[in-house]
Every structure is written in structure tokens, then in C-alpha cells.
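The structure displayed is predicted, hence computed values, not measured ones. Below, read A as the first sequence line, B as the second, and so on, with proteins coming before strands; counting in each chain starts at 1.
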Protein chains: 2
Amino acid sequence: MADQTSTGLPRSIEAAWGLGERPSRGPKPGLTLDRIVAAAITVADTEGLDALSMGRVAKELGSSAMSLYRYVTAKDELLALMVDAGFGAPPEPMPEDWRAGLTCWARAEFMALITRPWLVQVPITGPPVTPNQLGWLESGLKSLSRTGLDAGAKMSAILLVTGYSRNAATLAIQIVAPPGEQIMPDYAAVLRKLIDPDTFPELTAVVDSGIFDADDDHSAEFDFGLDRILDGVAALLPAKGEAATE
Amino acid sequence: MADQTSTGLPRSIEAAWGLGERPSRGPKPGLTLDRIVAAAITVADTEGLDALSMGRVAKELGSSAMSLYRYVTAKDELLALMVDAGFGAPPEPMPEDWRAGLTCWARAEFMALITRPWLVQVPITGPPVTPNQLGWLESGLKSLSRTGLDAGAKMSAILLVTGYSRNAATLAIQIVAPPGEQIMPDYAAVLRKLIDPDTFPELTAVVDSGIFDADDDHSAEFDFGLDRILDGVAALLPAKGEAATE
DNA sequence: GCGCTTCTGCGTAAGTTATACGCAGAACTA
DNA sequence: TAGTTCTGCGTATAACTTACGCAGAAGCGC
């Protein structure tokens with residue numbers, strides 16, 4: 001009886017969809033969800049996610065912590081909205097060719113995550129339900145629309161790619177600049193001290209190859225894995241050559 | 001001068017590698033790192049990661065919170081050790097064929113993550129440095145040892161697969177049984193209420209296809225994506241037919 | 001125009017947390 | 001046996017989320 005309105009989602013999420021019929025009875029709200037989320041993002045951008053507390057956000061707005069709870073029922077909700085706004089609108093328009101489109105899409109996600117490292121730190125609490133999150137999903141599916149894949153395959157492919165971007169970004173962030181504290185100065189040196197070449201022969205060979213020392217281009221590294229995934233997807237397609245026709 | 005010993009890593013991590021020379025002067029420790037980690041895992045398994053506090057772990061051991069800080073300098077360290085122990089030893093032996101081996105490896109990781117949902121909730125704070133973590137890495141690399149790939153390609157491939165397992169597990173956990181609270185009862189219904197078919201045509205089509213309703217086999221879903229990735233890796237290999245020999 | 005209702009901002013406070021500090025006493029060394 | 005070096009742990013602090021409830025604003029019905 002409490003949530004007759006609609007989706008069963010928290011009110012703030014519905015508000016993000018524009019579903020909130022604003023009550024016309026009481027005093028006008030002095031804040032806005034948008035302003036709160038923007039302030040929270042500012043804090044996270046400049047001081048990191050650990051520094052983000054309700055009080056800190058409120059101070060940013062010149063308000064008090066408890067005021068925020070008129071707009072958001074819990075901190076988790078604020079985080080969800082921050083993630084949605086932090087990603088921003090999905091990249092559009094994109095190349096027609098499915099492969100070029102997905103590449104563009106994946107790179108955009110990777111860049112978004114690198115730009116705001118706290119995005120990957122926010123614990124995922126459920127399937128995507130916010131506008132931009134679903135917008136990105138839609139945008140990715142669009143690239144595959146002419147491939148002839150069925151719905152399940154499309155979703156799997158998209159999940160594959162988005163998961164890869166997330167993972168690559170997480171790694172890139174951690175090795176280059178861990179958000180919390182110190183940068184791992186010489187991962188290769190640490191590994192060399194820890195692992196015994198007899199029990200870790202393969203890993204030793206990788207360390208000796210020097211790829212951990214020479215911190216090479218992240219983009220190249222990223223594209224390599226992405227191309228593997230897309231090769232796999234490509235192998236799925238009916239060999240009609242549809243992808244080539246304008 | 002503080003950490004002349006070795007790696008610059010926290011002492012508890014070094015202890016996990018067996019590097020800790022136990023001092024023979026004072027009273028015998030009443031606890032063990034292993035016991036602490038085991039108790040923490042018990043708490044996480046039964047009550048979830050949110051319920052895991054230093055005090056809660058101490059109560060499990062009949063000890064006090066501050067005692068734990070003789071073994072672990074911060075909660076983060078305990079979490080890192082929990083993850084390492086939670087994964088357990090890597091799956092071995094594995095099939096010789098690289099593809100069968102990696103499939104087995106990826107499934108094992110997926111299962112480990114599904115079995116202990118809190119594993120994916122622990123925030124990643126850096127590159128892997130604990131014994132089992134690196135053991136899994138070694139184990140994965142081993143599958144690729146006869147493929148002729150260079151070190152960088154091997155690492156990329158492994159990162160690809162492990163990232164995929166992580167991602168698939170995260171999704172599976174969230175949709176089937178979110179660790180925090182409520183199960184998303186009908187994701188498809190929620191989406192139908194939120195999205196407008198005109199602005200989300202692709203997503204609408206996917207929802208209408210019913211794949212969100214029929215919560216199908218996770219294993220099949222998992223294997224699909226994995227095969228895509230391995231197809232991509234396979235396309236990299238020199239066409240010697242080495243993979244087919246024995 | 002008047003009171004009632006409904007809402008907002010926000011102060012207060014409660015309940016949890018991680019963890020710094022330091023002491024009493026145990027166990028080993030000489 | 002004296003001294004040293006540890007351990008367990010009590011106390012205390014600082015930070016955090018958030019329940020509760022009040023004072024007052026803004027609109028509604030009459």
C-alpha cells in the first residue's frame with residue numbers, strides 16, 4: 001500500500017526517471033536531487049569516494065546532513081544516482097558497422113571509468129535501473145541490431161563487452177594510481193621477491209618478460225582484449241556480410 | 001628502516017607467504033592468522049560481508065577486537081587474506097588442451113565466486129600479491145604455456161577470462177540473490193514500467209524476448225560468453241595445430 | 001481570508017564502526 | 001633470577017549513518 005505508484009523502486013530512482021509527481025502542499029524544497037548528486041560527484045571527484053559522507057555532501061551544499069534524507073532514503077541510493085550521473089549520457093551517434101560501434105562504445109565506457117575512478121568502487125547492488133545505465137545498455141544493443149543475433153546473444157555480447165571495460169578500467173586504475181593511498185611502485189620487484197620460480201614458473205616467465213616494468217599504453221592493451229572479444233562475437237554471426245553493407 | 005625484511009607489503013601478507021620469522025621472546029600468541037581468517041570467513045559466509053566487523057570476528061573467536069590488531073594492521077588486510085583463503089587453491093591438475101584448461105579454470109573461478117558471494121564485494125585495493133591469488137594466475141598461465149603466445153598476450157588473455165568470470169558471477173549473484181536485502185522479483189516487469197519503447201527500442205525488444213523472465217541456466221549463459229572469448233583467443237594462435245596434439 | 005493539512009529543514013541523539021594508546025602480565029634469554 | 005620482549009585487551013576517540021520529532025512554510029477547502 002505504500003508504493004502503489006509504480007515500480008517498487010526507491011522514490012529517488014523514480015524521480016530520476018521523472019516519475020515523481022511533486023506534491024503541491026508543503027513548502028518548496030530548497031534542494032534538488034540533481035544538485036545533491038552534483039555536489040556528491042564533486043566531492044567524489046576531488047576527494048575520493050572514501051571522503052564522501054552525507055555530512056560532507058551537505059556541507060558542499062551549505063545544508064545539513066539530515067536534509068538530504070528528504071531526497072534520498074539512504075546513502076546507497078545517492079551512490080546509485082551518482083553512478084548514473086557520473087557515466088553521463090551514452091555515446092551517440094555511433095558508427096553503423098557493429099564492430100566499430102561496439103569498439104567506440106567500449107572505449108567510451110573505459111574512458112568514463114578511468115576519468116572517475118570512484119565509479120568502479122561503488123558496490124553494485126542490483127541490475128541496472130537508472131536512466132543513463134539503461135541508456136548505455138540501449139546504445140550498446142543498437143550496435144548489434146543489424147547483426148541478426150537473437151536477444152539472448154545480444155545481451156550476452158553486451159555483458160561481455162561492458163564487463164571487459166569495467167575490468168580493464170579497474171586494473172588500470174589500481175596499477176597506475178590506487179585511489180586510496182599509495183601507488184604500487186614496482187610490482188615486478190615485489191613479485192620477484194615473493195614467488196619461487198619452481199612453483200611459479202609461468203608467472204616468473206611473465207615477470208621476466210618485463211611487461212610489468214614497462215608500463216605500456218593502456219589503450220593498446222585495452223584494444224587487444226577488446227579485439228579478442230569482438231573476434232569471438234564475429235564468429236557467431238551468420239556469414240551474410242550484412243555488417244559490411246552500409 | 002622499518003621494513004628491512006623484504007617486500008614492503010604488510011606483515012600479515014608476508015606471513016601468508018610463510019615469511020614471518022616468529023619472535024621467540026614474548027608470550028605465545030593465543031590466536032593464529034589462519035584462525036582469524038577462518039573465523040572471518042565463517043562470519044561472511046553466514047551473515048554477509050556487511051555484518052563483518054572486527055568485533056564480530058573477535059566474538060567468533062572468543063577474543064576481543066583489539067587482539068586482532070596484533071595479527072593484522074587494518075581491516076583491509078584481513079579482507080585481503082579472506083579473499084585469498086576464500087578462493088582456495090587453484091584448480092589443478094587441468095586438461096592439457098589450452099581451451100579445455102581455460103574453460104575449466106574459468107568455471108572454477110565462477111563457481112568459487114558464486115559459492116561465496118562476498119568475494120566480489122570486497123573492494124580490490126591493488127594487484128594480486130597473495131599466494132592463492134597468484135596461484136590462480138599461475139594456473140591460468142599454465143594452460144597457455146604451449147600456445148606459443150608471448151607473455152603480454154598470455155596475460156591479456158588471462159585477464160580477459162578472469163574478468164569475465166568475475167563479471168558473470170557478479171551479475172548472477174545480483175539477479176538471483178542480492179546479498180544485501182531483497183531479491184529483485186521481476187526485473188522484466190520493472191523495466192517494462194520504466195522504459196519507453198520509442199526511446200529504448202532495442203532494450204524493449206530484449207525484454208519482450210523473455211530472456212529476463214525465464215531465468216535460464218547460468219552455466220549455459222556463462223559458457224556462451226566464455227566461448228566467445230576463447231574463440232577470440234584462438235584466432236590469435238599460430239595455426240600450427242599444436243592445440244590438437246594430445 | 002482562516003485554519004488545517006502537508007510538507008521541508010534540521011537539531012539532537014543513538015547506535016556502529018575502526019582503531020590509537022598504553023598497561024599488566026606471560027614467556028623466553030642470559 | 002632479572003630483564004626483555006612480546007601478547008591480550010580495556011579504554012577512549014573520532015567518524016559515520018540515520019531514527020525521531022519539532023518548528024515553521026506553503027498551499028487547500030471553505
Side-chain angles (χ1 to χ4, degrees), chain A residues 2 5 10-12 15 20-36 39-40 43-44 47-82 118 121-123 125 180-181, chain B residues 2 5 10-12 15 20-36 39-40 43-44 47-82 118 121-123 125 180-181:
Chain A
T5 332
R11 215 182 321 254
S12 63
E21 40 242 59
R22 70 297 309 270
S24 56
R25 252 327 176 41
K28 279 174 198 160
L31 295 173
T32 321
L33 247 190
D34 288 340
R35 282 190 58 207
I36 294 174
V43 172
E47 302 172 37
L49 197 64
D50 291 340
L52 188 118
S53 67
M54 298 303 272
R56 183 67 191 79
V57 175
K59 188 190 295 182
E60 198 74 12
L61 291 162
S63 182
S64 95
M66 287 314 293
S67 303
L68 306 185
Y69 284 93
R70 291 282 171 189
Y71 303 85
V72 159
T73 64
K75 194 189 181 184
D76 288 354
E77 270 180 46
L78 177 56
L79 287 172
L81 295 170
M82 284 173 66
W118 51 267
Q121 278 194 286
V122 175
T125 59
E181 294 251 315
Chain B
T5 331
R11 213 180 327 250
S12 64
E21 41 242 59
R22 72 297 309 274
S24 56
R25 254 320 177 44
K28 280 174 198 160
L31 295 173
T32 322
L33 246 190
D34 288 340
R35 282 189 58 206
I36 294 174
V43 172
E47 302 172 37
L49 198 64
D50 291 341
L52 188 117
S53 66
M54 298 304 272
R56 182 68 192 79
V57 174
K59 188 190 295 180
E60 198 74 12
L61 291 163
S63 182
S64 95
M66 287 315 292
S67 303
L68 306 185
Y69 284 94
R70 290 282 171 191
Y71 303 85
V72 157
T73 64
K75 193 188 182 186
D76 288 354
E77 271 181 45
L78 177 56
L79 286 173
L81 294 170
M82 286 173 64
W118 51 268
Q121 279 195 284
V122 175
T125 59
E181 294 252 317

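Picking from C/dG9, C/dT19, D/dC9 the nucleotide with the shortest atom distance to the side chain of A/Tyr71 gives C/dG9.
Distance CG (B/Leu61) to C1' (D/dC9): 14 Å, rounded to an integer number of Å. Here C/dC7 presents its P atom at 18 Å from CG of A/Leu31, a figure rounded to the nearest Å. Rounded to whole Å, the distance from CG on A/Leu52 to C1' on D/dT17 is 12 Å. Computed from coordinates, the A/Met54 CE to C/dA14 C1' distance equals 17 Å when rounded to whole Å. When rounded to the nearest whole Å, the span between NZ of A/Lys75 and P of C/dT16 equals 18 Å. Atom CG in A/Asp50 sits roughly 15 Å away from atom P in D/dA15 (whole-Å rounding). In this structure, B/Lys59 atom NZ and C/dT16 atom P are separated by 10 Å, rounded to whole Å. At whole-Å resolution of the value, CZ in B/Arg11 and C1' in D/dC6 are 12 Å apart.
No side-chain heavy atom of A/Leu79 sits less than 4.5 Å from a side-chain heavy atom of A/Thr125. Under the 4.5 Å side-chain criterion, counting only non-hydrogen atoms from C-beta, B/Arg35 is in contact with B/Leu61. Between B/Lys59 and B/Val43 the shortest side-chain heavy-atom distance does not fall below 4.5 Å. Counting heavy atoms from C-beta on, the side chains of B/Met54 and B/Val57 never come closer than 4.5 Å.
Residue-level contact check: A/Ser67 touches the bases, meaning some heavy atom is under 4.0 Å from a base atom.
To the nearest 0.5 angstrom, A/Asp76 atom CG is 11.0 Å from A/Leu81 atom CG.
Distances shorter than 4.0 Å separate some side-chain N or O of B/Ser63 from OP1 or OP2 on D/dC9.
Panel note: side chain B/Tyr71, backbone B/Leu31; a donor-acceptor pair is recorded below 3.5 Å. At least one donor-acceptor pair under 3.5 Å links the side chain of B/Ser53 to the backbone N or O of B/Arg56.
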Sugar-phosphate atoms are those with a prime plus P, OP1 and OP2; base atoms are the rest. Using that split, label each nucleotide of nucleotides 20-30 of chain C B, S or - for protein heavy atoms under 4.0 Å, 5' to 3'.
BBB--BBBSS-

